[in-house]
Structures are given as C-alpha cells and as structure tokens.
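Step one of this worksheet: look at the structure below.
Atoms within a ligand are numbered from 1 in the order they appear, just like the ligands themselves. As a basis for the values below, the full set of heavy atoms in this structure was taken, side chains included, without hydrogen atoms, waters or symmetry mates.
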Amino acid sequence: MIPFPIILSAPSGGGKTTVMRRVLAQRADIGYSVSATTRAPREGEVDGRDYHFLTPAEFRRKVGRKQFAEWAEVHGRLYGTLRSEVRATLKSGRHVMMDIDVQGARQFHAAFPESVLIFLLPPSGEVLLNRLVARATESREAHLVRLRAALEELEDVPRYHYVVVNDDLDATVRRVSAIVDAEEVRHERVPRVQSTTRALVSQLKSEIRRYANR
Ligand code: 5GP
C-alpha cells in the first residue's frame, strides 16, 4: 500500500475535528499531522498533541527555513503544516490526515499532488450558522472574521475531490473512511500493477495457446 495525505476541510464549526478524531480512532493505518499555530491554546488543548503552539517569531523562522509544506493566515492567526510531520507519518507506512483550511489545502495539494481533498459540507445554512454562533468564547469581531472565512471556504468547494454532507456523524465517518479505502486501490496507487498484470496476461496467453493447439 502506498500511503498518501488526506486533507479534510470544512467551514469553522463544521465538525471536522470530531470526524477526524473518530476516523483516526478507528484506523491504525492513518496518522495525524499536528499543525503549528500562533493562536493561544483553548482550554484542554495540549501543546504537541492538538497543535504546536508557536510565537509569531518562531513561526516566521520556520517559514524562512521552508519547514512548512503549507501555511496560511486564518482568522488573523498563522497556521501551518510541518513537512517533518507529514514525512514522518508517510515514512512509517501510514496515510496522514490533516485538518487544514482551503488556502492551505490548495498549497498543500500543489506540493503533494497525490493528496486527497475532502470537504465536509454542513447539511443546511441554518446548521452552519448555528455552529458558527455556538463558539460563544469569541468577540463580535472574531465572529465576523469566522463568518467571512466560512464564506471564502465554501467558494473553494469545487477544488475538492470529494464532498461529504455532514448530516450524521456516524455516516460521515463511514464515508470518509470509505473514501480512503477507495483511494488505496486507485490504479496509480496499486504497487506493481503493470508487472502483475503482465505476468497474468502472459500466463493466460500460454494457457490459451496450449488449449488452442490441442
Ligand atoms: P482552530 O483555531 O479552530 O483550531 O482552527 C481554525 C482553522 O485553522 C480551521 O479552519 C483549520 O482548518 C485551520 N487550520 C488548522 N491547522 C491548519 C494548518 O496546518 N494549516 C492551515 N492552512 N490551516 C489550518
């Protein structure tokens, strides 16, 4: 099996973190790439597990050293995917799943064209707005930033390979997992497909010859 990166995007509050955690808990063949960010940790978040929490100076230094496969400013904060995180997981033979915004997904896909892009769509405008409002920890301004970001994210849906309407958590988790299964057996990902097929063809041909000459 040839491991590949999987990107999950959704408007803020779209449930991608929950979906990703469930998929990761169910599948040992998928690892997670811990992103770096300059935003402050939320309650319960652990440095190195949820994010690598960096100062803006530390983040900029890593940008300068080209340590990010992609990075973007989201809601006024910097977020980025470390090449080292992605490489380490792929090297261990596991797919690597990431929760990144649309700008980052675009950059990442350019750097890793084999990646699979999945967009989680909220089932309705009402649900989307409720989820966005539900983050009551934020100021009015921060909230406006999120609404505008959600709008921008939705405009990028056509770039994604798959779109899953997240109306039911279990079904969404099943679908995302099924996408990974299907992508594993894409023609170009199957190891030695040409030589295996050639060997089968030549065996069949000699059998046909043997029978035809009887
Ligand atoms: P939050 O601050 O709520 O954890 O995440 C805010 C947004 O940042 C989400 O839309 C999430 O997808 C995005 N994000 C998280 N990690 C990364 C990353 O490594 N790169 C990019 N470009 N966006 C990220």
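Considering both main-chain and side-chain atoms, Trp71 never comes within under 3.5 Å of ligand 1 through any nitrogen or oxygen pair. Considering backbone and side-chain N/O of Arg39, one or more are found under 3.5 Å from N/O of ligand 1. Between Ala72 and ligand 1, no N or O atom pair is found at a separation short of 3.5 Å.
No hydrogens or angles considered: nothing links the side chains of Glu183 and His95 as a donor-acceptor pair under 3.5 Å. The closest side-chain donor-acceptor pair between Thr37 and Arg39, if any, does not fall under 3.5 angstrom.
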*Under the salt bridge (Lys or Arg N to Asp or Glu O under 4.0 Å) criterion, do Asp99 and Arg21 qualify, and how do the steps go?*
CA-CA 10 Å; Asp99 151 15; Arg21 285 208 181 120; over 6 Å; no
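Ligand 1 does not have Phe108 within reach: every non-hydrogen atom of the residue lies 4.0 Å or more from it. Gln107 does not count as a contact of ligand 1, since none of its heavy atoms falls under 4.0 Å from the ligand.
Of the heavy atoms in Tyr51, only side-chain atoms (C-beta onward) come closer than 4.0 Å to ligand 1. With a heavy-atom cut-off of 4.0 Å, Glu45 does not touch ligand 1 at all. Heavy atoms of Gln103 found under 4.0 angstrom from ligand 1: none, in either backbone or side chain. The part of Val74 lying near ligand 1 is the side chain, judged by heavy-atom distances below 4.0 Å. Using a 4.0 Å cut-off between heavy atoms, Met98 makes no contact with ligand 1 at all. For Arg77, no heavy-atom contact with ligand 1 is shorter than 4.0 Å.
Applying the ring pair (Phe, Tyr, Trp, His ring centres under 6.0 Å) test to pairs two or more places apart or on separate chains, those with a residue in residues 161-186 are His109-His161.
Considering only residues two or more places apart in sequence or on other chains, Phe59 meets the ring pair (Phe, Tyr, Trp, His ring centres under 6.0 Å) condition with Phe68.
Although no hydrogens or angles enter the test, the distance criterion places a donor-acceptor pair under 3.5 Å between the side chain of Thr38 and the main chain of Leu78.
Screening Val157, Thr172, Val164 against Leu121 for a side chain to side chain contact (heavy atoms under 4.5 Å, CB included) leaves a single residue, Val157.
Of all the heavy atoms in Met98 and Pro5, the pair that sits closest is CE-CB, 3.8 Å.
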